[in-house]
> 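Questions regarding the structure given below will be posed in turn.
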Amino acid sequence: MRFAARFMLQAWWFELVLPRFGMASLAARGRNARMQHLARRFHALAIDLGGLMIKVGQFMSSRLDILPPEITSELEGLQDEVPAVDFESIRALAESELGMPLELAYAWVDPSPIAAASLGQVHRAQLSSVLAADAGFTAAVVKVQRPGIETIVEVDLAALRKIARWLSRVRIVSDHADMPTVVEEFAATSLQEIDYLQEASNADRFASDFAGETRVATPQIGWERTTRRVLTLSDVTAIKINDIDGLRAAGIDPAQVADELARVTFEQLFVAGFFHADPHPGNIFVTPRAGAVDGAGHEWDLTFIDFGMMGEIPDALRRGLQRLVVAVVARDGKGLVEGMQRIGVLLPAADTVDLERAMTELFDRFGGMAMTELQDVDPREMVDFADRFGDTIRELPFQLPENFLLVIRTISLVSGVCSALNPTFNMWTAVEPFANSLMREQGAGTIKGFANEAVSIVGIMARLPRRIDELATRAERGQLAVKAPATEKRLRTLERTARRIVSAVIFMALLLAGVLLRSSDPVFGAILMAVSVLPLLHATFAGLLARRSRD
């Protein structure tokens with residue numbers, strides 16, 4: 001919270017105070033360096049505090065909608081850079097959760113962790129013969145929460161909620177993002193990640209969704225040894241998906257793996273509607289079939305692990321995405337903006353005229369171009385357009401809903417993995433079958449949509465005479481309200497003047513009270529006199545600042 005308070009004070013000084021005194025250029029001169037320094041300091045703070053703060057950094061690195069690139073790029077590399085917990089502490093928590101000594105719960109547990117993260121730690125283990133017969137596997141991995149992590153998460157979330165309330169009172173922030181909502185989105189995701197019963201249920205659901213998919217595998221759950229803080233899974237460790245040398249040594253073509261990963265990802269997004277939202281290379285293995293092949297001749301599987309962060313696409317968001325796809329195909333800038341509003345990307349106060357103009361320019365200049373054609377465009381033209389487009393986006397109250405954010409995060413991670421596997425990989429070619437499917441679904445409803453629109457127009461025309469009569473009646477009764485911009489402007493000026501007068505009165509009251517009390521209570525009198533400076537500043541400079549803003 002001290003870190004946040006210092007940042008807010010710095011932002012207030014450079015972004016609000018200096019520009020109002022004619023020093024906007026001075027404030028802008030070092031903005032990028034200040035943002036990068038801030039991000040580096042938070043990176044160090046997150047590693048020092050551990051717990052949820054590392055997740056905060058990772059979360060912020062994906063919020064391109066509300067944070068400048070100077071911050072997100074600096075936080076992209078933030079990983080769970082925390083030391084492992086002593087095994088005796090892990091043993092104590094696991095035994096408390098399972099209600100038995102670790103030697104009875106498992107035939108063997110490796111004291112050395114294979115992964116240590118900010119929220120939990122993973123150890124290899126082996127099930128007893130009796131338990132293995134029931135679970136269906138012997139080699140296991142045991143995921144155990146860090147001791148005390150629930151309390152740490154609770155404290156971290158309380159601090160983040162308070163900071164969000166601070167920021168919600170700053171107009172320059174509240175106009176661009178609903179910070180309390182952003183924090184609640186993050187809180188919901190974080191609380192799910194420390195509930196291992198939820199993660200186990202997610203893994204079961206994911207496996208069920210892909211039960212008929214011969215190319216997707218998931219670990220089995222050892223339910224007899226799983227609680228909210230301990231998760232037991234079958235050990236599915238294999239070739240990491242980004243281990244290109246390992247893939248080739250196993251006779252697996254990395255380009256085919258890239259194509260298959262993209263196909264499976266869009267199957268999750270557009271068909272199942274339930275998707276793995278953290279598909280980084282550490283969470284996906286390529287598992288050879290040891291000579292066995294399925295009906296399609298496949299000799300390997302994509303094995304997903306770590307189902308703590310999952311996303312779901314509700315029907316409303318799915319329809320919004322369909323509208324976006326149709327607008328992109330039709331190169332309809334206005335339709336694209338309307339689709340963004342429908343799914344909640346733009347806050348209600350957004351003035352979309354500039355955004356519609358930018359989208360139309362985007363489609364006119366670059367629409368329909370293949371990736372190879374885009375490579376022939378003058379890089380300076382691309383950079384110029386990207387800068388102007390980015391400025392337009394950052395000036396709008398632009399915010400991605402949580403589910404939509406997870407979709408973008410997933411596509412971004414998968415695109416990166418696929419490009420590493422195959423430098424010529426084209427994500428747009430991979431998504432084309434699913435985009436065509438959405439277009440067909442949208443097209444099937446076009447006739448029905450036209451019919452509904454026609455019925456709506458007929459209804460409006462039928463009600464029009466009555467509404468005109470009601471309007472005339474209200475005018476006769478003096479109940480018709482008419483907006484007068486000039487009058488409203490004058491009233492706002494009077495309101496500002498009244499506020500300045502009130503500030504002047506408060507200043508005099510505090511100053512006189514401080515002078516009178518100074519002899520009997522020097523400390524309190526001095527405080528009152530010092531505080532009186534604030535209303536004095538408002539009474540003195542509010543008019544000047546208002547005129548400057550109008551100019």
Side-chain angles (χ1 to χ4, degrees), residues 114-115 122 124 126 132 135-141 143 199-200 202-222 232-272 274-310 410-434:
I114 58 174
V122 182
R124 280 199 170 88
Q126 191 171 20
F137 60 91
T138 300
V141 293
K143 188 174 179 179
E199 181 175 342
N202 289 341
D204 262 4
R205 179 178 172 183
F206 188 88
S208 176
D209 286 345
F210 286 90
E213 175 62 65
T214 59
R215 208 65 178 271
V216 177
T218 58
Q220 295 175 268
I221 309 297
T232 301
L233 307 161
S234 59
D235 188 351
V236 294
T237 305
I239 305 171
K240 280 192 175 183
I241 195 168
N242 62 342
D243 184 358
I244 296 178
D245 292 337
L247 293 174
R248 287 175 176 158
I252 300 172
D253 182 2
Q256 289 185 1
V257 175
D259 292 339
E260 194 64 19
L261 176 61
R263 185 190 69 79
V264 169
T265 298
F266 288 112
E267 189 83 14
Q268 297 173 50
L269 293 172
F270 293 105
V271 179
F274 183 69
F275 61 95
H276 197 300
D278 196 22
H280 63 74
N283 285 340
I284 309 173
F285 293 110
V286 178
T287 307
R289 289 176 175 266
V293 297
D294 60 15
H298 297 150
E299 299 180 348
W300 49 269
D301 296 325
L302 289 175
T303 303
F304 290 82
I305 63 170
D306 194 351
F307 298 91
M309 184 184 295
M310 303 295 292
T410 299
I411 294 175
S412 176
L413 287 172
V414 168
S415 178
V417 173
C418 291
S419 296
L421 292 169
N422 178 13
T424 63
F425 176 81
N426 189 331
M427 180 60 79
W428 303 113
T429 301
V431 76
E432 185 176 354
F434 298 96

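All values below come from the heavy atoms of this structure, side chains included, with hydrogens, waters and symmetry mates left out.
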> Which pair of non-hydrogen atoms, one from F137 and one from A140, has the smallest distance, and what is that distance?
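That would be CE1-CB, 3.8 Å.
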
> Is the backbone of F307 close enough, under 3.5 Å, to the side chain of N202 for a donor and an acceptor to pair up by distance?
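Checked: pair present.
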
> If we only count heavy atoms from C-beta on, is the F425 to D259 side-chain gap below 4.5 Å?
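Side-chain contact under 4.5 Å: yes.
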
> Under the side-chain contact (heavy atoms from CB on, under 4.5 Å) criterion, do K143 and D306 qualify, and how do the steps go?
CA-CA 10 Å; K143 188 174 179 179; D306 194 351; 3.6 Å; yes

> Could you tell me the separation between the CG atom of L233 and the CD atom of Q220, rounded to the nearest 0.5 Å?
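Answer rounded to 0.5 Å: 10.0 Å.
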
> What closest approach, in Å, do I244 and A420 show between heavy atoms, and which atom pair accounts for it?
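Taking I244 first and A420 second, the nearest heavy atoms are CD1-O, 3.3 Å.
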
> Step by step, work out the salt bridge (charged side-chain N to carboxylate O under 4.0 Å, His left out) result for R215 and E267.
CA-CA 12 Å; R215 208 65 178 271; E267 189 83 14; over 6 Å; no

> Mind checking the OG1-CZ spacing from T237 to F285? Nearest 0.5 Å is all I need.
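Result: 4.5 Å between the selected atoms.
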
> Compare all side-chain heavy atoms of L413 with those of D278 and state whether any distance is below 4.5 angstrom.
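Yes, close enough: below the 4.5 Å cut-off.
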
> C418 and A258: which non-hydrogen atoms are nearest, and at how many Å?
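In terms of heavy atoms, the two residues are closest at SG-O, 3.3 Å.
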
> Within the structure provided, determine whether I252 and V286 are in side-chain contact (heavy-atom separation under 4.5 Å).
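Yes; the side chains approach each other to less than 4.5 Å.
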
> Identify the two heavy atoms, one from P219 and one from S234, that lie closest to each other, and give their separation to 0.1 Å.
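Looks like CA-OG, 3.4 Å.
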
> If you round to the nearest 0.5 Å, how far is CZ of F274 from CD of Q268?
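Taking CD in Q268 and CZ in F274, the distance rounds to 9.5 Å.
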
> Classify the side-chain pair D301/T303 by whether it contains a donor and acceptor separated by less than 3.5 Å.
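Distance-only check fails for D301 and T303.
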
> Can you confirm whether I284 sits close enough to V417 that some side-chain heavy atom of one is under 4.5 Å from a side-chain heavy atom of the other?
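The answer is no; the side chains never approach within 4.5 Å.
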
> What heavy-atom pair brings W300 and V257 nearest, and what distance separates the two atoms?
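Minimum heavy-atom contact is CH2-CA, 3.7 Å.
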
> Which distance, rounded to the nearest 0.5 Å, do you find between the CD of E199 and the CD1 of I305?
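Going from CD on E199 over to CD1 on I305, the span is 9.5 Å.
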
> Look at R248 together with D253 and state whether they make a salt bridge at an N to O cut-off of under 4.0 Å.
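Between D253 and R248 there is no salt bridge, as every charged N stays at least 4.0 Å from the carboxylate O atoms.
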
> Can you find a heavy atom in the side chain of H276 that is under 4.5 Å from one in the side chain of T410?
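Side chain of H276 against side chain of T410, heavy atoms only: no contact under 4.5 Å found.
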
> Find out whether I241 and L421 are in side-chain contact, i.e. whether some heavy atom of one side chain is under 4.5 Å from a heavy atom of the other.
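SC-SC contact between I241 and L421 confirmed.
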
> Looking only at atom types and distance, does a side-chain atom of S419 sit under 3.5 Å from a main-chain N or O of S415, one as donor and one as acceptor?
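It does hold such a pair.
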
> Please find the pair of heavy atoms, one from D209 and one from A272, that lie closest to each other, and give the distance.
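Scanning both residues, the minimum pair turns out to be OD2-CB, 4.1 Å.
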
> Applying side-chain contact (heavy atoms from CB on, under 4.5 Å) to F206 and M310, what does each step give before you reach the verdict?
CA-CA 9 Å; F206 188 88; M310 303 295 292; 3.8 Å; yes

> State the CD1-CG distance between I239 and D245, to the nearest 0.5 angstrom.
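Output value for this atom pair is 11.0 Å.
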
> With a 4.5 Å cut-off on side-chain heavy atoms, are T218 and D204 touching?
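They are not in side-chain contact.
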
> Under 4.5 Å between any side-chain heavy atoms of V236 and V141, yes or no?
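No, side chains not in contact.
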
> Going from CG on N242 to CG on L247, what distance comes out if it is rounded to the nearest 0.5 angstrom?
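With rounding to 0.5 Å, CG (N242) is 8.5 Å from CG (L247).
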
